[in-house]
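In what follows, every chain begins at residue 1, and chains take the letters A, B, ... in the order their sequences are listed.
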Amino acid sequence: MDKYQPQDIETAWYQKWEAQNYFAPSGNGSPFSIAIPPPNVTGTLHMGHAFQHTLVDSLIRFRRMKGDNTLWQMGTDHAGIATQLIVTEQLAAEGIKPSDLGREKFLEKAWQWKEKSGGTISKQLRRLGASLHWQTERFTLDEGLSRAVLEVFVRLYEDDLIYRGKRLVNWDPVLKTSISDLEVESEEEKGHLWHLRYPLADSDDQYLIVATTRPETMLGDTAVAVHPDDERYKSLIGQEVLLPLTNRRVPIIADHYVDQTFGSGCVKITPAHDFNDYDMGRRHDLPMINVFNDDASINDNAPEKYRGIDRYAAREAILKDLDNLNLMEKVEDHMMAVPRGEKSGVVVEPFLSDQWFVRAEPLAAPAIKAVEDGDIEFIPKNYENNFFVWMRNIQDWCISRQQWWGHRIPAWYDSDGAVYVGRSEQEVRDKHNLADDVALSQDEDVLDTWFSSALWTFSTLGWPDKTPELDTFHSTDVMVTGHDIITFWVSRMIMMTLKFVGEVPFKKVYVTGMVTDADGQKQSKSKGNGLDPLDIIDGISLDDLVAKRTDSLLQPKMAARIEKNTRKEFPDGIKPYGTDALRFTFYSIATRSRTIRFDMNRVEGYRNFCNKLWNAANFVFINTLEHDVSADHTPDVIDRWIVTELNHTVEIINQAMETYRYDLAAKAIYEFIWDEFCDWYVELTKPIVNSDASAEIINAKRFTLLSVLEQTLRMAHPFLPFMTEEIWQQIPTAIRGEGATIMREAYPECNAKLVDQAAKNDVAWIKDVVTGTRNIRGEMNISQGKPIPIIFYNGGAEDKIRLDAYQTLLEFLIRPESITWLQENDNKPPASTHLVGDMQLLVPLAGLIDTSAELARLDKEIDRKEKDKTRIEGKLGNPNFVDKAPDAVVQKEKDKLADISSALDRLREQRHKIANL
RNA sequence: AGGAGCGUAGCUCAGUUGGUUAGAGCAUCGCCUCGACAAGGCGAGGGUCCUCGGUUCAAAUCCGAGCGUUCCUACCA
């Protein structure tokens with residue numbers, strides 16, 4: 001075999017698998033299905049995606065090999081706001097505004113962009129080895145899914161679970177659309193707190209002081225509120241202030257919401273521009289004066305002077321005017337949470353507008369129950385708390401967006417503004433007996449992207465039709481996702497699916513940790529710390545990486561810092577590690593932790609691991625391929641041992657996959673392949689395979705080498721799909737069978753009959769003898785090549801039997817000058833000692849070892865044992881321990897003490913002898 | 001402010017119902033080109049399991065408080 005070069009094998013295998021249709025459900029076995037969290041159609045894969053999909057792929061491949069009828073449903077999301085934003089930006093580059101084009105032409109452009117860039121994510125998924133069922137790929141805006149959306153909207157409306165109303169919503173003044181609470185990100189920013197004087201209306205010199213961070217909203221104030229128990233202001237309640245600059249009279253009201261201790265204890269109330277004030281306004285029946293246009297400039301409800309200017313310019317003007325009127329008490333610096341639109345990055349405004357809402361509470365109740373009852377299980381379980389907290393305080397969901405790219409709301413208005421909802425204009429006309437000459441116009445808005453995503457598990461399977469796919473694969477088995485979209489998506493899928501399908505969308509929710517950079521920072525374009533999984537697979541030069549990270553930044557001034565950090569973190573760029581290594585890294589770091597720091601050193605380590613497996617396979621082939629291994633063979637103890645270890649590993653993996661502990665599965669595979677198969681089994685076969693032993697004995701070795709390798713490949717395939725396939729294909733069909741692909745072979749099962757404890761004990765003895773000798777060599781600086789005499793002293797009958805059986809192996813591994821067996825009363829030379837149970841393994845000092853070095857080595861060992869002895873004696877000397885601890889625990893300590901005591905005796909005796917030389 | 005998570009070797013992390021000599025990988029330090037593999041082999045060093053207190057015969061593990069850190073939710077205008 002050539003050197004391990006992942007790029008030589010990976011893409012070719014994926015193409016073959018896909019061409020052969022191996023990703024399709026087999027049609028046999030019990031159904032197992034997972035719906036992919038739909039990536040944005042025009043998006044690219046980031047590390048978090050790669051992580052999730054890699055985990056899912058192992059599960060899919062695992063279940064497929066287990067014989068399940070396995071479906072991994074592919075699909076993409078139209079990503080309303082994000083896509084519209086990109087298309088708008090592209091048009092802007094050409095100097096075109098969306099309004100120049102109009103709705104139809106704009107949507108044409110958007111579809112063109114989708115066709116052009118929609119393939120990126122698919123290519124990336126293929127490079128990851130994701131065994132998705134591409135043939136039934138769906139898109140949230142395709143005909144079928146749009147029909148599902150329509151159906152759901154209409155039925156919800158008919159059930160009074162959707163309504164339209166004028167409400168305060170989060171408004172993005174750049175995108176000019178409402179956005180959901182979840183799409184708003186608040187971060188602490190420096191601001192100011194202005195203390196303003198509001199003169200009392202019926203007094204010449206008295207005024208109230210109100211504090212605000214948003215002085216420009218004062219133009220829309222409709223009250224000033226104080227706490228009802230506040231002695232300072234009690235007498236003023238019911239009076240009025242004269243709102244500066246507008247000369248409106250607004251009442252002083254009392255409300256428990258007001259905190260007497262903050263600021264002056266007086267709050268200006270602007271119901272149209274603040275969520276708390278909105279609530280208060282409704283409680284007190286205050287007028288709501290909206291002073292903003294949809295781009296957050298001041299509108300005609302404000303004094304003429306300020307009309308048409310932007311909110312921040314207006315702020316400056318207002319502050320200046322107030323100051324001139326001597327109405328500015330003071331200004332303080334103030335830290336506050338500023339809400340910004342996730343997509344645009346601009347400060348969002350609470351804005352009064354007509355919107356559509358889903359009544360969430362009635363839908364939430366069954367969803368909560370499904371989780372409470374265990375019909376849906378979160379893994380790790382503590383995420384259920386997040387879910388419950390969210391669901392029990394759920395707010396109505398604003399589903400309308402003032403955008404073009406998305407599902408248009410199926411509502412029509414007549415000239416009087418009456419609203420009709422239906423699957424089509426014709427249906428509306430028929431249902432309401434509207435004559436053809438009644439003009440109807442459809443609602444201009446589209447639905448929130450998450451509305452269609454919420455139907456994902458069943459809409460992709462053909463709903464509202466009753467399809468065989470829906471019947472077979474719904475509910476899906478597990479949803480793998482990040483914790484950040486539990487509220488966005490997971491909870492809404494549960495609500496909608498229960499409502500429309502009457503069953504849960506998935507039985508389990510596996511919540512992955514969030515992949516961060518090496519410093520624990522969230523990866524993002526703006527921070528310039530993101531990694532493209534493909535760059536780890538294919539490698540990238542430092543300059544290209546810097547260019548990629550600093551290209552088209554929103555804040556170009558960050559570029560220098562990003563470049564510096566990147567050059568520091570990746571001085572040589574990124575080497576090509578291959579998909580298998582990247583995948584194995586993901587499994588290894590998939591612990592229960594919430595955040596996962598991605599460390600390139602680990603990728604390198606697992607690339608080395610792939611190389612190790614590759615070379616081990618190479619060894620096996622060199623020693624077997626020229627020979628017929630189908631002849632008779634009887635496995636010896638060593639063979640039975642490695643089979644035992646293999647079975648043990650299979651058992652661990654099965655258990656790990658049941659509990660979604662990918663890290664433990666990866667660890668078990670790593671340790672089996674490297675620590676057991678490569679370090680010991682392969683080494684133990686060498687003296688036999690290359691010896692003049694009988695054909696039957698050698699054949700047994702060759703058979704076991706191939707057969708264990710073959711099983712190992714199947715065992716590792718869900719995690720390392722490419723290299724396992726490549727190697728597996730080279731295994732003789734006499735061993736692997738006639739199958740065309742490892743993908744569709746059976747996953748190894750643990751066979752209890754093949755577990756051989758005696759073989760394990762024998763190999764443990766061999767390991768002990770060998771490592772003991774190596775330890776002496778290492779610590780005494782005796783080179784590996786130098787033959788040394790070894791004495792087995794005071795061994796028991798079992799030791800003798802083992803020595804006789806394994807002498808050839810020991811000679812190969814230890815390379816001794818001689819091996820001598822001495823009885824208890826034989827004279828032994830001064831020697832360096834290692835204990836193997838009661839037996840002493842001796843390497844005579846003569847000519848090899850410095851006495852003082854050996855004394856130091858013995859002292860270290862004696863010291864270690866003495867500490868243990870003291871600790872255990874302490875335990876056993878404590879009557880409470882002996883009385884109360886379980887007998888087994890006490891006995892274990894007693895056994896340990898006996899072993900240590902006897903070992904100490906021997907070591908001390910040895911030390912005494914050497915000291916007296 | 002409320003809720004949750006985390007704090008174990010220089011770094012990144014395992015440690016599942018309390019009983020292990022507290023482990024792994026990377027990094028470090030020796031030695032080794034012996035035909036699978038230097039992307040390697042062999043060996044070694046390295047820990048107050050954040051702190052304090054409690055429960056227990058026994059605590060990295062359970063409980064409480066504190067410190068540090070991350071995230072979520074709600075925000076005081």
Across every strand shown, the nucleotide meeting Watson-Crick or G-U wobble geometry with rU17(B) (both distances under 3.5 Å) is none
Within the distance-only criterion (no hydrogens, no angle test), does the side chain of Arg392(A) pair as donor or acceptor with the backbone N or O of Ile368(A) below 3.5 angstrom? no
Enumerate the residues from residues 610-622 of chain A whose closest heavy atom to RNA chain B is under 4.0 Å, giving them by residue number; use none for an empty result. Asn611(A), Lys612(A), Asn615(A), Ala616(A), Asn618(A), Phe619(A)
Looking at every strand, decide which applies to Thr771(A) at a 4.0 Å heavy-atom threshold: base, sugar-phosphate, or nothing. sugar-phosphate
Under a 3.5 Å limit for both distances, which nucleotide forms a Watson-Crick or G-U wobble pair with rA1(B), could you say? rU73(B)
Toward the 5' end of RNA chain B, which comes first, Asn382(A) or Asp868(A), by nearest nucleotide? Asn382(A)
Can a donor-acceptor pair be found between the side chains of Glu861(A) and His834(A) at a distance below 3.5 Å? no
Which nucleotide, if any, forms a Watson-Crick or G-U wobble pair with rG68(B), using both distances under 3.5 Å? rC6(B)
If I pick the P atom on rA65(B) and the same atom on rC29(B), what distance separates them, to the nearest angstrom? 46 Å
Give one of base, sugar-phosphate or nothing for Arg607(A), where a contact means two heavy atoms less than 4.0 Å apart. base
Give none if rU56(B) has no partner; otherwise give the nucleotide forming a Watson-Crick or G-U wobble pair with it, both distances under 3.5 Å. none
RNA chain B: first to last nucleotide in contact with chain A (atom under 4.0 angstrom from a heavy atom), 5' to 3', is rG5(B) to rA77(B)
Which is true for Tyr4(A) with a 4.0 Å heavy-atom rule: it touches a base, it touches only sugar-phosphate, or it touches nothing? base
Quantified in whole Å, what is the C1' atom distance between nucleotide rG68(B) and nucleotide rU8(B)? 16 Å
Crowding at CG, Asp883(A) (>12 non-hydrogen neighbours, <6.0 Å): yes
Name the nucleic acid region contacted by Pro879(A), choosing base, sugar-phosphate or nothing; use a 4.0 angstrom heavy-atom cut-off, strictly under. nothing
Just checking Asp277(A): base, sugar-phosphate only, or nothing, at a heavy-atom cut-off of under 4.0 Å? nothing
For His627(A), check ring pair (Phe, Tyr, Trp, His ring centres under 6.0 Å) against everything at least two apart and list the hits. none
Span that lies between the C1' atom of rU12(B) and that of rU17(B), in whole angstrom: 28 Å
Go through the structure and list residues passing side-chain contact (heavy atoms from CB on, under 4.5 Å) with Lys568(A), not counting sequence neighbours. none
Using the P atom as the reference point in each nucleotide, state the distance between rU28(B) and rC37(B) in Å, no decimals. 24 Å
Using atom P in both nucleotides, what's the gap between rC49(B) and rA59(B) to the nearest angstrom? 12 Å
Tyr233(A): which residues meet the ring pair (Phe, Tyr, Trp, His ring centres under 6.0 Å) condition with it, sequence neighbours left out? none
What residues, two or more places apart in sequence or in another chain, satisfy salt bridge (charged side-chain N to carboxylate O under 4.0 Å, His left out) together with Glu854(A)? Arg857(A)
For a quick test of reading the model, state the closest non-hydrogen atom pair linking Ile536(A) to Met47(A) and the distance between them. CD1-CE, 3.7 Å
Taking all heavy atoms of Lys268(A) and all of Thr212(A), pick out the closest pair and write down the distance. CD-CB, 3.6 Å
On a whole-Å scale, what distance lies between the P atoms belonging to rG54(B) and rU61(B)? 14 Å
Residues that Phe672(A) engages under ring pair (Phe, Tyr, Trp, His ring centres under 6.0 Å), provided they are two or more places apart: none
Sequence neighbours left out, what passes ring pair (Phe, Tyr, Trp, His ring centres under 6.0 Å) with Phe598(A)? Give chain and number order. Phe586(A)
Mind checking what makes salt bridge (charged side-chain N to carboxylate O under 4.0 Å, His left out) contact with Glu185(A), not counting sequence neighbours? none
Tell me whether the NZ or CZ atom of Arg607(A) lies within the 45° cone about the ring axis of Phe609(A) and under 6.0 Å from its centre. no
Regarding Lys867(A), tell me which of base, sugar-phosphate or nothing describes its non-hydrogen contacts under 4.0 Å with the strands shown. nothing
Counting only heavy atoms and a strict 4.0 angstrom limit, can you tell me which residues of residues 673-687 of chain A come near RNA chain B? Trp674(A), Cys678(A), Asp679(A), Val682(A), Glu683(A), Lys686(A)
RNA chain B contacts made by residues 858-866 of chain A, counting heavy atoms under 4.0 Å: Lys860(A), Arg864(A)
So what does His273(A) touch, heavy atoms closer than 4.0 Å: a base, only the sugar-phosphate, or nothing? nothing
Could you give the distance separating rC71(B) and rG53(B) at their P atoms, to the nearest angstrom? 32 Å
At what distance, to the nearest 0.5 angstrom, does CG of Asp580(A) lie from CD of Glu726(A)? 10.5 Å
Pairwise P distance, rG7(B) and rA14(B) [rounded to whole Å]: 8 Å
Comparing Arg774(A) and Glu893(A) on RNA chain B - which has the more 5′ nearest nucleotide: Glu893(A)
What residues form a salt bridge (charged side-chain N to carboxylate O under 4.0 Å, His left out) with Asp887(A), not counting sequence neighbours? none
Is there a Watson-Crick or G-U wobble partner for rU28(B) with both distances under 3.5 Å, and if so, which one is it? rA44(B)
Counting the atoms with a prime plus P, OP1 and OP2 as sugar-phosphate, which does Ile782(A) contact under 4.0 Å by heavy atoms, base, sugar-phosphate, or nothing? nothing
Shortest non-hydrogen pair, Arg815(A) vs Arg777(A), comes out as O-NH2, 3.2 Å
How would you label the contact of Arg871(A) with the nucleic acid (heavy atoms, under 4.0 Å): base, sugar-phosphate, or nothing? sugar-phosphate
